[in-house]
Amino acid sequence: MTATPTLADQRSATRVVFPEPRRVELEEVIVDLRELGPHEVVVQARRSVISPGTELAHYRGESLVGLLPPAQRPHQPFHPGYAMAGTVLAAGPDSGFVAGTSVLSHTPHQSVVRFDPRQRVCLPLPAGIDLDIAPFARLGQIGGISLQLTAARPGDTVAVIGLGPVGNLVAQLAQASGYRVVSVERSPGRRELARSTGLGTVVAPEEAGDAVAPAGANLVLECSGSQHAVLLATEICARHGEVMIIGAPWLREPEVAASSVVARVFERFLSLRSGWEWQVPLYDGERSVAGCTRWVLERLAAGSVATGRLVSGTITPGQAPAAYGVLDSEPDRHLTFLFDWEAT
């Protein structure tokens, strides 16, 4: 006879779901703690942060009809989120974790989650790091990969276009690493917020050329996902410089001619390349997703990167529909929200 599962064997979990475009709900699932695989862990969520670029593209339904080939487009219902700080509840013997360990995991907005860390990054948190800060290591890592791969070196000029959370954090990381950073943003509100996080040179797009003068930027990180911004990136990049595309191009912008980009790449000997994080291994030293995440965690723990001004508020899961609606309708005023999974 099969034993009836007890409360110790199972946990009821709440997760955020987009059942259709512009609709947010919570759903309940059961997470089984029995018979964990040798590498599996179960993590209790404590904080998670909304990544507005990717998550709003799914919320709006843009990812369903965008530039990705149909076979690669995510389907709805969609479970958003990939930046969570939590506590290990249970761990397999070969997972490298023990119950009670505080971790950062690349997992969705879900109160309890079971997964294999070989497939999703899971790292122990540095001692003493604030739980409200830790999830931002995931967002900082998205752009941080490009800083690890670029030929540019500290002292060179780096231009960052698009100052949402990902762009703001990579600009701070570059500045803290010794680069001369020019941050470019069309929104006056986001420009003011960027200055409040300690970024030195923050300009509107029409001022970017003068700001990187006379030679141009050795590296341009395009973090907005706009093809207009890619065109600007090729305009302000130095000869023999690099343009890395970090922001996902969810929508077509037919008014931007590819020939305009190609001409500048050709004439200025530019390297135009992907800044997508998945070009590096999940785990394999410093130049990996996990290695870069660990590096950003260390910067956050050391206080060299600020996150507090990026957050409009800490919310309960039940406030998710309102939070996504605000991020969608007021992007100049609100960059992101933190979920508090410990709130009742």
Sole residue of Glu35, Arg114, Arg118 in side chain to side chain contact (heavy atoms under 4.5 Å, CB included) with Glu40: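 Output: one option passes, namely Arg114.
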
Show, in sequence, the C-alpha distance, side-chain angles and deciding distance for Tyr324 and Phe337, and conclude whether the ring-ring contact (aromatic ring centres under 6.0 Å, His included) test is met. CA-CA 9 Å; Tyr324 283 102; Phe337 288 91; 8.8 Å; no

Would [X] and [Y] count as having a side-chain donor-acceptor pair, cut-off 3.5 Å?
X      : Y      : value
Asp340 : Thr314 : no
Glu222 : Ser224 : yes
Gln141 : Glu277 : yes
Ser48  : His109 : yes
Thr87  : Gln44  : no
Arg273 : Gln279 : yes
Ser271 : Glu242 : no
His79  : Glu27  : yes

So that I can tick it off, tell me whether Asp32 and Arg11 are bridged by a salt bridge, with the cut-off set at under 4.0 angstrom between side-chain N and carboxylate O.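 Salt bridge absent between Arg11 and Asp32.
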
Between Glu192 and Arg195, is there a side-chain N and carboxylate O pair less than 4.0 Å apart?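 Salt bridge flag = yes for Arg195 with Glu192.
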
Step-by-step ring-ring contact (aromatic ring centres under 6.0 Å, His included) determination, Tyr82 to His106: CA-CA 4 Å; Tyr82 51 69; His106 294 191; 7.5 Å; no

Please find the pair of heavy atoms, one from Glu55 and one from Pro80, that lie closest to each other, and give the distance.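 Result for this residue pair: OE1-CB, 3.6 Å.
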
Let me check something: do Leu163 and Leu327 share a hydrophobic cluster, defined by ILVMFWY side-chain heavy atoms less than 4.5 Å apart, either directly or through other members? no

Determine, using the 4.5 Å side-chain heavy-atom cutoff (strictly less than), whether Val121 and Val43 are members of one ILVMFWY cluster. no

Walk me through it: do Arg180 and Asp156 pass the test salt bridge (Lys or Arg N to Asp or Glu O under 4.0 Å)? CA-CA 6 Å; Arg180 175 192 173 230; Asp156 290 342; over 6 Å; no

Measuring only between side-chain heavy atoms, which start at C-beta, is Val49 closer than 4.5 Å to Arg138? no

Evaluate the salt bridge (Lys or Arg N to Asp or Glu O under 4.0 Å) criterion for residues Arg294 and Glu286: first the C-alpha distance (whole Å), next the side-chain angles of each, then the deciding distance (0.1 Å), finally the verdict. CA-CA 8 Å; Arg294 188 178 294 107; Glu286 292 184 0; over 6 Å; no

Determine yes or no for a side-chain-to-main-chain donor-acceptor pair under 3.5 angstrom, with Glu267 supplying the side chain and Val262 the backbone. no

